[in-house]
Amino acid sequence: MTLTLRSSISFINQKETNFLKNSDDVSSTTVSFAKIKPLFPLRAKSSMQEAQKSFNPETRKGERVHAPSVVHHNHNDDSKKVPVFVMLPLDTVTFGGSLNKPRAMNASLMALKSAGVEGVMVDAWWGLVEKDGPQKYNWDGYTELVQMVQMHGLKLQVVMSFHQCGGNVGDSCSIPLPPWVMEEISQNPDLVYTDRSGRRNPEYISLGCDSMPVLRGRTPLQVYGDYMRSFSDKFKDYLGSVIVEIQVGMGPCGELRYPSYPESNGTWRFPGIGEFQCYDKYMKASLAAAAEAIGKREWGRSGPHDSGQYNQFPEDTGFFKREGTWNSEYGQFFLEWYSNKLLVHGERLLVSAKGIFQTSGVKLSGKVAGIHWHYRTRSHAAELTAGYHNTRSNDGYLQIAKMLARHGVVFNFTCMEMKDREQPGHANCSPEGLVHQVKAATRTAKVELAGENALERYDADAYAQVLSTSRSDSGNGLAAFTYLRMNKKLFEGDNWRHLVEFVRNMSEGGRRQRLPESDSKGSDLYVGHITETQKKKEQEHEIALV
């Protein structure tokens, strides 16, 4: 007998779903599992609660739906096992606060579970949850998601997303900061990061005002802490069991960095060096105080005057060129101040999160950006503008790793899928060199390392590169990997096959090199038929056990 799953996978982006007639009208994707006995009929309803009736193992005494045995093989080598999570769509929860397309989500989670995926990751958007006013939280959509994830026996990573969605690589929807926060920004534009020309960036509140009561009487750090505490109180019964990781957002895209390379409105284009973001009044006051403290008042008047513009190259500037002022006494002072401000910001946020979640059983993680362009140059200009004091002579990632290690926080890093030879030569990229450096830094600091892919990739080469970097033969191995991102393409044709092979490989230390068309002896998962579904394109809205 065969379990056939036909459901929506395309519910991320309105631009990609204009063929849908309504919110639950979906394009079919079929996943079949061999050798599963028909226990009782299953039919997906229009809500998570209805689906629960069909899937509840307690529906009939002695009867349960058996998940395919994709990753439940005991090879006595758990030390090499790397659990795989999958990021959910950015718009998983709607502006109205409800779960977006619950039937589609239910079917998709079922498919991921069958493939052996450990769990999923979701952004808990500040701009959605606290949009109705200070400390007025709406967790309804996330509650429905957590219950659905639990129902399927999956785990959940939750990102405390204090940043704006929109304007960066992969952003398929727009979720600004809460309206009441935007009102405060309109009255005091210095609350957000600012570049040398005065351009304001509303992606994230400037760390310069972390300890200032600028948000209706609360400091940004207090606001973030209250938000995390509300989440902890709401989901205390799921923490450590269903919710296994809290990733603390510490900057744009949830990453510990400055918004030095904003793509919105064409401000920055790859592989530009970016610009320093230290020109709001709070950051300028901090710089002035730091310079005054060492008797160099003139150094605190402004950031570097010769650091160029967003889309220039290092050699086009006086600051970043090979023998530039980045390596002068002034340059070292500025870069240490700039990067230390970022580290202090991250540490304060993590201390707050640690105090809230430390007895809950969840892991805490912090995300660091994989800025691999101009990595082969001496100054590492693009990393410097983002706040990572990493040059040919200074290991900026070791500093970050040690800070995370002090609080037992997992170091989450991107660009795990990238190869040097895939990058344009003029950009002086080295994602492999960067990953190698981060692996070495986390090993030295004795902190766990987890990974993500930076861009959407579905090909076998990308998965093979992640497998290679996941091993511990050079620096830390990966404690977990989160795949970006669940969407319609992931469930199509060879893309699904590659994911299944990848999950199996990550669970078995890379020993299995290829998954055959019908792997009934190994995983009970048959995926070869997916090509046929591309021809049929029929609309199906139910899960049927035939």
Side-chain angles (χ1 to χ4, degrees), residues 121-131 133-137 139 142 156-164 177-178 180-181 184 191-193 203-236 238-240 243-258 282-283 286 339-368 387 399-412 445 447-448 450:
M121 173 182 276
V122 68
D123 288 278
W125 294 107
W126 183 27
L128 295 182
V129 174
E130 202 177 353
K131 69 181 177 65
Q135 296 181 285
K136 294 180 180 179
Y137 307 107
W139 297 106
Y142 294 99
L156 186 63
Q157 300 169 317
V158 181
V159 184
M160 298 289 106
S161 295
F162 300 118
H163 60 285
Q164 165 191 286
L177 301 186
W180 61 273
V181 175
E184 296 299 317
L191 293 181
V192 298
Y193 288 116
E203 286 185 67
Y204 188 80
I205 299 295
S206 169
L207 61 81
C209 58
D210 270 352
S211 300
M212 307 287 183
V214 293
L215 297 178
R216 307 279 176 95
R218 291 185 295 164
T219 71
L221 289 176
Q222 288 174 331
V223 171
Y224 302 147
D226 290 342
Y227 184 89
M228 291 188 286
R229 193 171 294 107
S230 172
F231 178 88
S232 177
D233 292 343
K234 180 69 175 180
F235 297 102
K236 61 180 182 295
Y238 300 94
L239 296 176
I243 301 170
V244 295
E245 181 180 322
I246 301 296
Q247 186 173 111
V248 183
M250 296 181 282
C253 295
E255 297 166 335
L256 179 63
R257 65 172 177 88
Y258 294 98
Y282 304 102
M283 291 292 283
S286 174
S339 61
N340 188 61
K341 291 288 290 185
L342 188 65
L343 284 171
V344 170
H345 169 70
E347 188 152 26
R348 286 173 172 172
L349 253 173
L350 293 174
V351 167
S352 176
K354 186 177 178 181
I356 294 166
F357 294 108
Q358 64 182 349
T359 61
S360 66
V362 301
K363 282 187 175 183
L364 293 179
S365 68
K367 187 175 177 182
V368 177
Q399 299 169 10
I400 297 171
K402 287 180 176 179
M403 184 273 285
L404 296 175
R406 282 197 293 272
H407 305 287
V409 176
V410 177
F411 189 124
N412 188 285
V447 64
E448 281 191 296

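The figures that follow rest on heavy atoms only: side chains count, while hydrogens, waters and symmetry mates do not.
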Practice item. For residues Met283 and Ser206, report the shortest heavy-atom separation together with the two atoms involved. Key: CG-OG, 3.8 Å
Practice item. Run the numbers on Val214 and Ile205 for side-chain contact (heavy atoms from CB on, under 4.5 Å), then give the verdict. Key: CA-CA 10 Å; Val214 293; Ile205 299 295; 5.6 Å; no
**Study point:** Non-hydrogen atoms of Arg218 and Trp180 that approach each other most closely
**Key:** NH2-CH2, 3.6 Å
Review point. How far does NZ of Lys363 sit from CD of Gln157, to the nearest 0.5 angstrom?
Key: 9.5 Å
Exercise for review: Could you pull out the closest heavy-atom pair between Ser211 and Arg348, with the gap in Å?
Suggested key: OG-NH1, 3.5 Å
Revision key, fill the gap. To the nearest 0.5 Å, atom OG1 of Thr359 lies from atom NZ of Lys354 at 12.5 Å
Practice item. Using a 4.5 Å cut-off on heavy atoms from C-beta on, say whether the side chain of Val248 contacts that of Ser365. Key: no
Review point. Hey, does the side chain of Tyr193 reach the backbone of Leu207 with a donor-acceptor pair shorter than 3.5 angstrom?
Key: yes
Check your understanding: Sub-3.5 Å donor-acceptor pair from the side chain of Ser360 to the main-chain atoms of Phe357, do we have one?
Key -> yes
Check your understanding: Parallel, tilted or perpendicular: which fits the ring planes of Phe162 and Trp126, with parallel below 30° and perpendicular above 60°?
Key -> perpendicular
Review point. With distance as the sole test, does Gln222 use its side chain to make a donor-acceptor pair with the main-chain N or O of Thr219 at under 3.5 Å?
Key: yes
**Study point:** His345 and Tyr258 aromatic centres sub-6.0 Å
**Key:** no
Practice item. Check whether any side-chain heavy atom of Val244 lies under 4.5 Å from a side-chain heavy atom of Leu156, and answer yes or no. Key: no
Point to revise | Verdict with supporting geometry, Ser232 and Ile356, side-chain contact (heavy atoms from CB on, under 4.5 Å) | key: CA-CA 7 Å; Ser232 177; Ile356 294 166; 3.7 Å; yes
Check your understanding: Measuring from Ser352:OG to Met160:CE, what's the distance to the nearest 0.5 Å?
Key -> 11.5 Å
Exercise for review: Could you tell me which non-hydrogen atom of Gly387 sits nearest to which non-hydrogen atom of Leu342, and how far apart they are?
Suggested key: O-CD2, 3.7 Å
Exercise for review: May I ask you to say whether Glu347 pairs ionically with Lys402, meaning some side-chain N is under 4.0 Å from a carboxylate O?
Suggested key: no
Review point. Are Trp125 and His163 close enough that their ring centers fall under 6.0 Å?
Key: yes
Check your understanding: Taking side chain as C-beta onward, heavy atoms only, is Leu349 less than 4.5 Å from Met228?
Key -> yes
Practice item. Show the numbers, then the answer: is there a side-chain contact (heavy atoms from CB on, under 4.5 Å) between Gln135 and Ser230? Key: CA-CA 9 Å; Gln135 296 181 285; Ser230 172; over 6 Å; no
Check your understanding: How about Met212 and Tyr282: do any of their side-chain heavy atoms sit closer than 4.5 Å?
Key -> yes
Review point. Given side chains that start at C-beta, do those of Val447 and Val410 come closer than 4.5 Å, heavy atoms only?
Key: no
Review point. Looking at Tyr137 versus Phe231, is the centre-to-centre ring distance below 6.0 Å?
Key: no
Review point. What orientation do Trp139 and Phe235 show, parallel under 30°, tilted 30 to 60°, or perpendicular over 60°?
Key: perpendicular
Review point. Hey, what do you get for CD (Gln399) to OG (Ser339), rounding to the nearest 0.5 Å?
Key: 5.5 Å
Practice item. Kindly give the heavy-atom pair with the smallest separation between Asp123 and Ser161, and that separation in Å. Key: OD1-OG, 2.6 Å
**Study point:** Note, Val351 side chain near His407 side chain (heavy atom, < 4.5 Å)
**Key:** yes
Check your understanding: Just how far is it from atom CG of Asp226 to atom CG of Leu215, taken to the nearest 0.5 Å?
Key -> 11.0 Å
Exercise for review: Answer whether the closest heavy-atom distance between the side chains of Glu130 and Val223 falls below 4.5 Å.
Suggested key: yes
Review point. Hey, mind stepping through Met403 and Leu256 against side-chain contact (heavy atoms from CB on, under 4.5 Å) and telling me if it holds?
Key: CA-CA 12 Å; Met403 184 273 285; Leu256 179 63; 4.0 Å; yes
Practice item. Please report the shortest heavy-atom distance between Ala353 and Leu364, naming the atom on each side. Key: C-CD1, 3.9 Å
Exercise for review: Check whether any side-chain heavy atom of Met121 sits under 4.5 Å from a side-chain heavy atom of Val158, and report yes or no.
Suggested key: no
